[in-house]
Amino acid sequence: MKLDSKIPEGPIAEKWAKHKFNIKLVNPANKRKYDIIVVGTGLAGASAAASFGELGYNVKAFCFQDSPRRAHSIAAQGGINAAKNYQNDGDSIFRLFYDTVKGGDYRSREANVYRLAEVSVDIIDQCVAQGVPFAREYGGLLANRSFGGAQVSRTFYARGQTGQQLLLGAYSALSRQVANGKVKMYSRYEMLDLVMIDGKARGIVTRNLITGAIESHSAHAVVLATGGYGNVFYLSTNAMGSNATAAWRAHKKGALFANPCYTQIHPTCIPVSGDHQSKLTLMSESLRNDGRVWVPKDIADSEKIRKGQLKPTDLSEDKRDYYLERRYPSFGNLVPRDVASRNAKYVCDEGRGVSTTGLAVYLDFADAIKRDGRATIEGKYGNLFDMYQQITGDNPYETPMKIYPAVHYTMGGLWVDYNLMTNIDGLYAIGECNFSDHGANRLGASALMQGLADGYFVIPYTIGDYLATMPYERISTDHAAFKEAEAKVKATNEKLLGIKGKRTVDEFHKALGNIMWEYCGMSRNEEGLKKAKVEIQKLRAEFWEDVNVFGSNDELNQSLEKANRVADFLELGELMVDDALNRSESCGGHFREESQTEEGEAKRKDDEFSYVGAWEYTGPEKPAVLHKEDLAFENVKLTQRSYK
């Protein structure tokens with residue numbers, strides 16, 4: 001299989017403009033003849049569905065929540081990047097492009113990243129026009145703040161609720177098209193299979209989560225906007241419902257899965273407090289603008305803090321180690337997420353962690369409050385501080401926050417070309433469920449940027465290039481391919497319900513998460529990964545023999561929902577391990593202990609691994625086949641990343 005990325009010829013700054021001119025167009029009068037399915041209604045899905053409807057296409061939009069407003073995009077706190085240079089501090093489209101490629105440790109496509117930086121400036125204007133209440137300076141201009149991995153202020157924000165406000169903007173645009181009759185909304189539906197006819201994606205099979213009804217829906221093209229797969233780790237900052245099923249079922253129909261091992265560990269999460277937890281809570285990366293990260297210099301002081309014999313506020317400055325500021329003086333506390341996360345792990349592994357578990361570091365605002373006043377800090381981060389206090393019982397205005405890294409975002413996903421189409425004709429993937437823009441590590445505030453760029457400004461153009469070649473005729477869901485897919489979905493559900501084992505779905509999910517975190521988490525090595533592969537295979541066999549799924553298919557059944565998702569995670573987890581085993585270099589969030597510099601930083605092997613690893617599904621219990629898309633770097637120089 002040859003992977004054709006369809007990257008346009010010419011200078012990088014001209015590729016997107018030329019491409020938009022050269023691709024095929026659908027006559028406005030003909031757009032009403034085409035049907036598009038959009039699965040997922042977060043920022044990418046809602047913006048895409050709204051844009052398609054505005055253009056005149058007929059859209060069916062699906063989400064498993066009771067409303068698109070419940071999408072996990074709502075949880076994004078800190079901001080959205082754009083190269084506006086409002087601060088006049090030297091930002092530009094090229095600098096955002098460069099920072100993103102460097103931040104991803106040179107494992108992303110240059111052309112896609114440059115386009116992302118290019119359209120970022122339009123996203124802000126679009127959202128302001130929708131009424132998104134971005135923070136503003138005293139004179140009324142939009143405010144910016146800094147985020148990790150950059151030395152300019154380019155992050156637009158709405159307090160700690162940026163994702164929520166952007167989603168409400170996209171939701172309002174989507175609702176307008178629903179009212180106009182161009183978008184039909186299917187809430188509480190979950191996609192369980194992709195339907196292909198003559199090698200093209202022509203529809204999906206869904207389960208109505210309220211009634212259990214298995215239904216088919218046909219279209220001329222299918223767009224997946226279903227987010228990432230971080231919940232394979234069980235404990236993550238993702239919503240509990242976030243899953244990989246839609247993308248994984250498409251993968252099993254032939255869509256290549258790219259770079260599955262690239263997982264982002266976020267450095268500012270509220271630490272794990274016990275086995276009772278089912279998810280973790282994120283503290284916005286924006287807090288690192290004013291909070292200083294530290295641990296005690298001496299293990300003895302850390303032990304006293306853990307035992308409650310010493311308060312952190314009583315430890316003098318000379319006994320504190322502001323380790324990020326010490327190791328990375330140029331970026332300090334604003335190093336990229338992978339760097340901040342690994343360094344937190346290092347100091348905790350040394351025995352200098354500060355929680356009862358030993359797995360926490362401090363994020364201290366005392367200096368910022370003293371410098372700017374409590375009212376200023378409260379204006380910036382008040383809702384985040386309130387959330388922290390409600391969860392932990394500690395007042396972060398008076399005592400330092402405790403934070404520790406946690407699984408947050410996945411840079412891998414379905415392989416797509418420049419048009420955001422997978423290797424299956426007519427199947428597109430946008431937002432976090434594709435692999436295309438972030439390489440091995442995503443810079444903070446770039447997820448919202450990619451989701452809206454894909455939905456508002458990329459796929460509305462590129463999907464026409466495909467549809468213009470398609471006949472107008474609709475395919476009936478009575479087609480044999482739909483009936484076959486429905487039968488397969490029903491058989492899987494019946495099999496899950498019929499096992500009647502002794503262990504709950506959550507038990508298996510938690511066991512898988514423990515394996516993934518232990519051996520394929522913040523750091524990986526060959527021995528651990530090989531062990532993880534065996535353990536996952538064993539756990540998967542036990543799942544299909546001993547899981548107990550309650551209830552029936554013909555009703556609201558969250559146990560069955562979870563079982564389908566965990567069954568997919570048990571397969572995806574093994575592919576993540578395979579990808580991590582294959583990639584014996586360290587890059588970004590993928591840290592192989594065998595490949596590091598003398599200072600403990602990630603050490604790439606550019607001569608061996610400057611490629612996208614795209615995996616092909618070959619059948620149950622059969623090894624996946626690796627395909628490679630070579631990455632060419634013509635506009636940035638491959639160097640060892642340094643934030644010192």
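This one's a predicted model, so the numbers in the text were calculated from it and none came from an experiment.
- Both tests do not hold together for Arg583 against Phe609: distance to the six-membered ring centre under 6.0 Å, angle to the ring axis within 45°.
- Within the cation-pi definition used here (under 6.0 Å to the ring centroid, within 45° of the axis), Lys102 qualifies as a partner of Tyr643.
- Residue pairs satisfying the salt bridge (Lys or Arg N to Asp or Glu O under 4.0 Å) criterion with at least one member in residues 145-157, sequence neighbours excluded, are listed as follows: Asp91-Arg154, Asp99-Arg154.
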> When you look at Ser523 and Glu593, which way does the side chain to side chain donor-acceptor pair (under 3.5 Å) test go after all the steps?
Replying inline: CA-CA 6 Å; Ser523 62; Glu593 295 172 4; 3.0 Å; yes

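- Within the structure, ring-ring contact (aromatic ring centres under 6.0 Å, His included) pairs that include any residue of residues 576-599 do not occur (at least two apart or interchain).
- With salt bridges taken as basic N to acidic carboxylate O contacts below 4.0 Å, one links Lys533 and Glu574.
- A cation-pi arrangement, defined by a distance under 6.0 Å to the six-membered ring centre and an angle within 45 degrees of its axis, is absent between Arg320 and Tyr362.
- In this structure Asp89 satisfies the side chain to side chain donor-acceptor pair (under 3.5 Å) test with no other residue, sequence neighbours excluded.
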Using residues 396-409 as the side-chain source, report each donor-acceptor pair under 3.5 Å to any protein atom, sequence neighbours left out, with the distance given to one decimal.
unit_1	atom_1	unit_2	atom_2	d
Glu398	OE2	Asn395	ND2	3.4
His408	ND1	Thr237	OG1	2.7
His408	NE2	Arg442	NH2	3.4
Tyr409	OH	His438	NE2	3.4
Tyr409	OH	Gln450	OE1	3.4

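- No hydrogens or angles considered: a donor-acceptor pair under 3.5 Å links the side chains of Asn343 and Arg327.
- The side chain to side chain contact (heavy atoms under 4.5 Å, CB included) search around Ser120 returns Ala82, Ala83, Leu96, Met449, not counting sequence neighbours.
- Aromatic ring centres of Phe147 and Tyr157 lie farther apart than the 6.0 Å criterion allows.
- A donor and an acceptor atom, one from each side chain of Asn333 and Glu325, are located under 3.5 Å apart.
- Between Lys510 and Asp275 there is no salt bridge, since no side-chain nitrogen of the basic residue lies less than 4.0 Å from a carboxylate oxygen of the acidic one.
- Applying the ring-ring contact (aromatic ring centres under 6.0 Å, His included) rule to pairs touching residues 73-92 yields Tyr86-Phe156, sequence neighbours excluded.
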